Trainee: 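Quick one: the structure is below, questions incoming.
As the structure is a prediction and not an experimental result, all values here were calculated from the model.
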Amino acid sequence: MARAIMLQGTGSDVGKTVLVAGLCRLAANRGLTVRPFKPQNMSNNAAVADDGGEIGRAQWLQSLAARTPSSVHMNPVLLKPQSENGSQIIVQGKVFGQAKGRDYQRLKPELLGAVLESFEKVAAGADLVIVEGAGSPAEINLRAGDIANMGFATRAGVPVVLVGDIDRGGVIASLVGTHAILDDSDRAMIAGYIINKFRGDVSLFDDGIRAIEGFTGWPCFGVVPWLPGAARLPAEDSVVLERLARGRARALKIAVPVLPRIANFDDLDPLRTEPDVELVFVRSGERIPADASLVVLPGSKSTISDLADFRVQGWDRDLQAHVRRGGRVIGICGGYQMLGRTVHDPLGIEGGTLETPGLGLLDIETEMAPEKTVRNSQAHSTEYDAPLAGYQIHLGITRGPDCDRPSAIIDGAPDGALSADGRIMGTYLHGLFSSDAYRARLLQSFGLSGERRNYRESVEQALDEIAGELERHLDPRWLAGLLG
């Protein structure tokens with residue numbers, strides 16, 4: 001069996017995903033066969049694994065960091081929120097069903113078998129598996145039947161490193177408090193801890209380290225500074241959208257309405273890295289900027305309910321005004337479906353609303369269907385005669401006169417739609433902005449230089465930078481034991 005270590009957090013969003021990715025890249029750079037694993041993930045940012053099926057986008061990124069093909073077994077349970085208290089459940093890449101929170105708690109023991117089976121498959125032939133927990137083991141109200149944190153660690157016999165986020169404050173209390181409320185068997189799984197996101201002089205925290213050790217007996221495996229490279233990686237959770245500050249005014253303003261169930265919003269990351277682009281995420285209660293040249297409607301886990309919220313926000317009126325001013329619109333996946341005349345859901349797949357009017361900017365109609373399209377795809381932009389590569393994860397079939405002007409050819413078949421004037425475009429292809437030639441020509445169409453930049457190379461460089469920082473700041477003896 002491969003060596004394994006599990007990173008769990010004192011809370012959500014403490015930086016586990018980036019640390020796992022960085023450790024995967026560090027191990028890969030040392031010639032190890034390393035693979036990531038996350039027993040349970042909750043995210044609408046999904047990817048299509050190389051062996052088919054859905055996994056969390058973060059595990060796809062971690063497999064990239066590990067320089068190994070992605071697999072559905074790297075994230076055997078994926079929860080995709082589609083209502084305030086319910087989620088679609090993906091097990092080993094395929095739709096398992098839907099459940100509300102309380103019902104899912106009863107399902108977890110049934111899913112543990114699939115989690116342990118997937119872990120064995122990931123570990124087979126690997127030198128090292130780096131496991132990421134979810135949320136926090138301190139959520140002891142969820143400990144019974146747990147498969148995401150200590151429930152997995154104790155069953156699989158994987159030692160745990162606890163991660164605390166010092167940037168949000170209270171890191172000593174969060175670590176000591178976690179120690180205090182865990183039961184003896186769970187506490188015994190913790191080998192030590194890492195302080196993450198430190199700013200300033202690390203020596204100022206020496207007394208903090210001594211205090212934590214005094215209360216817990218746990219050793220510190222390192223104090224990791226704030227990692228600038230993390231900003232160049234695709235984000236896992238939509239919580240990051242709440243923290244993105246509006247950048248300075250630039251030549252091209254692109255507005256993105258933040259839908260309640262926004263999905264695969266990392267589609268926009270390549271645009272965010274462009275020096276001439278000001279990417280504005282429009283939040284609830286805000287208006288779509290009147291000076292935006294392009295509005296992008298992103299993917300959605302629940303097209304019909306997000307379309308209703310779009311209208312509640314008044315964004316439908318803003319979008320119509322934007323189009324009247326000559327502005328352009330791109331809809332991706334659920335955003336593409338919203339641009340049509342009607343969305344039909346005769347089987348009630350998304351809920352009780354069986355039909356709803358769309359935004360009417362494309363002459364198309366969508367009918368939801370139970371079969372989900374999930375695949376990686378090679379494509380070609382008909383707009384800009386540029387190669388595309390991405391993936392599809394969607395329900396629904398879209399038809400209509402504007403589909404006679406496809407926006408792309410995907411795997412040899414026409415996809416998407418263009419309005420007659422070419423200013424409104426929709427597609428089911430996620431990842432189109434990651435295609436450097438397409439992105440360059442899109443920017444050129446707005447009068448920018450459109451210099452071709454290698455987005456994938458920038459992600460690879462960020463991973464190498466993060467790996468280098470971890471090598472400098474983590475305890476060399478601990479790293480030697482982990483990577484030796």
Trainee: Kindly indicate whether the side chain of I55, heavy atoms from C-beta on, has any atom under 4.5 Å from the side chain of S70.
Mentor: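 Yes, at least one pair of side-chain atoms sits under 4.5 Å.
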Trainee: Would you compute the distance between atom CG of D415 and atom CG of L388 and round it to the nearest 0.5 angstrom?
Mentor: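 If I round to the nearest 0.5 Å, the distance is 9.5 Å.
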Trainee: Quick one: does Q92's side chain have a donor or acceptor within less than 3.5 Å of a partner on H73's backbone?
Mentor: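 Such a contact is absent between Q92 side chain and H73 backbone.
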Trainee: Testing the basics here: between G416 and S407, what is the closest heavy-atom pair and its distance to 0.1 Å?
Mentor: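 So the two residues come closest at CA-OG, 3.7 Å.
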Trainee: For the pair R453 and D436, find out whether any cationic side-chain nitrogen is under 4.0 Å from an anionic carboxylate oxygen.
Mentor: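 Not counted as a salt bridge, because no side-chain N and carboxylate O are separated by less than 4.0 Å.
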Trainee: How close do A467 and G22 get, heavy atom to heavy atom, and via which atoms?
Mentor: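 Residues A467 and G22, closest heavy atoms: CB-O, 3.7 Å.
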Trainee: Does a side-chain heavy-atom distance below 4.5 Å link V34 with T68?
Mentor: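 Not in contact.
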Trainee: How long is the span from the CZ atom in R456 to the CD atom in E460, to the nearest 0.5 Å?
Mentor: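 Nearest 0.5 Å value for the CZ-CD distance: 5.5 Å.
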Trainee: Got a list of side-chain donor-acceptor pairs under 3.5 Å for residues 356-370, not counting sequence neighbours?
Mentor:
| residue | atom | partner | partner atom | Å |
| --- | --- | --- | --- | --- |
| D363 | OD1 | R341 | NE | 3.0 |
| E365 | OE1 | H344 | NE2 | 2.9 |
| T366 | OG1 | T398 | OG1 | 2.8 |

Trainee: Does the side chain of Q313 reach to within under 4.5 Å of the side chain of D309, using non-hydrogen atoms?
Mentor: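 When only atoms from C-beta onward are counted, D309 and Q313 do touch, with a gap below 4.5 Å.
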Trainee: Donor-acceptor check, side chain of Q392 to backbone of R375, threshold 3.5 angstrom: yes or no?
Mentor: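 No; zero donor-acceptor contacts below 3.5 Å.
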Trainee: Taking Q88 for its side chain and Q82 for its backbone only, find out whether a donor-acceptor pair lies under 3.5 Å.
Mentor: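 Here the side-chain-to-backbone pair does not exist.
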Trainee: If only atom types and distance count, is the side chain of R35 paired as donor or acceptor with the main-chain N or O of S71 below 3.5 Å?
Mentor: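 Between the backbone of S71 and the side chain of R35 there is no qualifying donor-acceptor contact (under 3.5 Å).
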Trainee: Could you tell me whether D103 and K100 have a side-chain N and a carboxylate O separated by less than 4.0 Å?
Mentor: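 A salt bridge is absent here (no side-chain N lies under 4.0 Å from a carboxylate O).
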Trainee: Working to the nearest 0.5 Å, report the span between CG of D404 and CZ of R399.
Mentor: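 Answer rounded to 0.5 Å: 12.5 Å.
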Trainee: Hey, does the side chain of D146 reach the backbone of G151 with a donor-acceptor pair shorter than 3.5 angstrom?
Mentor: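 Yes, D146 side chain to G151 backbone: donor-acceptor pair under 3.5 Å.
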Trainee: Applying side-chain contact (heavy atoms from CB on, under 4.5 Å) to C333 and N264, what does each step give before you reach the verdict?
Mentor: CA-CA 10 Å; C333 200; N264 299 87; over 6 Å; no
Trainee: Mind listing the closest non-hydrogen atom pair of P36 and M74 along with its distance?
Mentor: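 Between these two residues, the closest heavy atoms are O-CG, 3.4 Å.
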Trainee: Over all heavy atoms of both residues, which pair between S87 and L79 is shortest? Give the atoms and the distance, please.
Mentor: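 Taking every non-hydrogen atom into account, CB-CB, 4.2 Å.
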Trainee: Given D411 and Q378, is the side chain to side chain donor-acceptor pair (under 3.5 Å) satisfied, shown in steps?
Mentor: CA-CA 6 Å; D411 299 326; Q378 297 297 316; over 6 Å; no
Trainee: Can you tell me which residue among Q8, K38, Q40 is in a side chain to side chain donor-acceptor pair (under 3.5 Å) with E132?
Mentor: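 When Q8, K38, Q40 are each tested with E132, the side chain to side chain donor-acceptor pair (under 3.5 Å) holds only for K38.
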Trainee: If you define the side chain from C-beta out and look only at heavy atoms, does anything of L162 sit under 4.5 Å from T10?
Mentor: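 Side chain of L162 against side chain of T10, heavy atoms only: contact under 4.5 Å found.
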Trainee: Can you name the nearest heavy-atom pair linking A379 to I410, along with the distance?
Mentor: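 Closest heavy-atom pair between A379 and I410: CB-CG1, 3.7 Å.
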Trainee: Within the structure provided, determine whether D269 and D266 are in side-chain contact (heavy-atom separation under 4.5 Å).
Mentor: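 Heavy-atom side-chain distance check passes, below 4.5 Å.
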Trainee: Apply ring-ring contact (aromatic ring centres under 6.0 Å, His included) to F152 and list each qualifying residue two or more places apart in sequence or on a separate chain.
Mentor: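 Once residues adjacent in sequence are excluded, the partners of F152 under the ring-ring contact (aromatic ring centres under 6.0 Å, His included) criterion are F37, F119.
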Trainee: According to salt bridge (Lys or Arg N to Asp or Glu O under 4.0 Å), does anything in residues 378-395 pair up with another residue at least two apart or in another chain? List the pairs.
Mentor: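 Of all non-adjacent pairs touching residues 378-395, none passes salt bridge (Lys or Arg N to Asp or Glu O under 4.0 Å).
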Trainee: Working note: H322 + L294, criterion side-chain contact (heavy atoms from CB on, under 4.5 Å); need CA distance, chi angles, decisive distance, verdict.
Mentor: CA-CA 9 Å; H322 167 80; L294 172 65; 5.7 Å; no
Trainee: Mind checking the CD1-CD spacing from I288 to Q320? Nearest 0.5 Å is all I need.
Mentor: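 Between I288 CD1 and Q320 CD, I get 10.5 Å after rounding to 0.5 Å.
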Trainee: For the backbone of A134 and the side chain of N149, can you confirm whether one donor and one acceptor N or O come within less than 3.5 Å of each other?
Mentor: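 Here the side-chain-to-backbone pair exists.
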Trainee: Is it true that K94 and E54 have a side-chain N and a carboxylate O under 4.0 angstrom from each other?
Mentor: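 A salt bridge is absent here (no side-chain N lies under 4.0 Å from a carboxylate O).
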Trainee: So which atom in T382 and which in P406 form the shortest heavy-atom distance, rounded to 0.1 Å?
Mentor: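 Closest approach of T382 to P406: OG1-O, 2.5 Å.
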Trainee: Within 45 degrees of the ring normal and closer than 6.0 Å to the centroid, is that where the cationic atom of R439 sits relative to Y384?
Mentor: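 R439 over Y384 ring: no.
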Trainee: Got a second to check how far Q444's CD is from R452's CZ, nearest 0.5 Å?
Mentor: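 Those atoms lie 9.0 Å apart.
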Trainee: Out of the candidates L78, V91, I90, only one should pair with F96 under the side-chain contact (heavy atoms from CB on, under 4.5 Å) rule; please name it.
Mentor: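 Passing option: V91.
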Trainee: Rounded to the nearest 0.5 Å, what's the gap from CG on L463 to CZ on R67? Could you check?
Mentor: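 One finds 8.5 Å between CG of L463 and CZ of R67.
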Trainee: For a side-chain contact (heavy atoms from CB on, under 4.5 Å) check, start with the C-alpha distance between D345 and T353, then their side-chain angles and the critical distance, and finish with the verdict.
Mentor: CA-CA 7 Å; D345 188 11; T353 303; over 6 Å; no
Trainee: Return yes if a side-chain donor-acceptor contact under 3.5 Å exists between Q337 and T303, otherwise no.
Mentor: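 Their side chains do contain a donor-acceptor pair, which is all the 3.5 Å distance test asks for.
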Trainee: So, the side chain of E457 versus the backbone of N454: is there a donor-acceptor pair under 3.5 Å, distance only?
Mentor: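 Not at all, since once roles are kept as given, no pair shorter than 3.5 Å links the two residues.
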Trainee: Report yes if some heavy atom in the side chain of L418 is under 4.5 Å from a heavy atom in the side chain of D402; otherwise report no.
Mentor: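 Result no, sub-4.5 Å side-chain heavy-atom pair not found.
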Trainee: Under a 4.5 Å cut-off applied to non-hydrogen side-chain atoms, are W60 and N45 in contact?
Mentor: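 Sidechains of N45 and W60: no contact.
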Trainee: Run H473 and V223 through side-chain contact (heavy atoms from CB on, under 4.5 Å) and show every step you take.
Mentor: CA-CA 6 Å; H473 293 281; V223 179; over 6 Å; no
Trainee: Using modelled atom types only, decide if a donor and an acceptor are shared between the side chain of S136 and the backbone of G9 within a distance under 3.5 Å.
Mentor: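 Indeed, once roles are kept as given, a pair shorter than 3.5 Å links the two residues.
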Trainee: Identify whether the distance between the nearest side-chain nitrogen and carboxylate oxygen of K301 and D306 falls below 4.0 Å.
Mentor: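 Salt bridge absent between K301 and D306.
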Trainee: When you measure from the side chain of W226 to the backbone of D167, do you find a donor-acceptor pair of N or O atoms at a distance under 3.5 Å?
Mentor: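 Answer holds: no.
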Trainee: Is there a side-chain contact between V280 and P289, using heavy atoms and a 4.5 Å cut-off?
Mentor: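 Result yes, sub-4.5 Å side-chain heavy-atom pair found.
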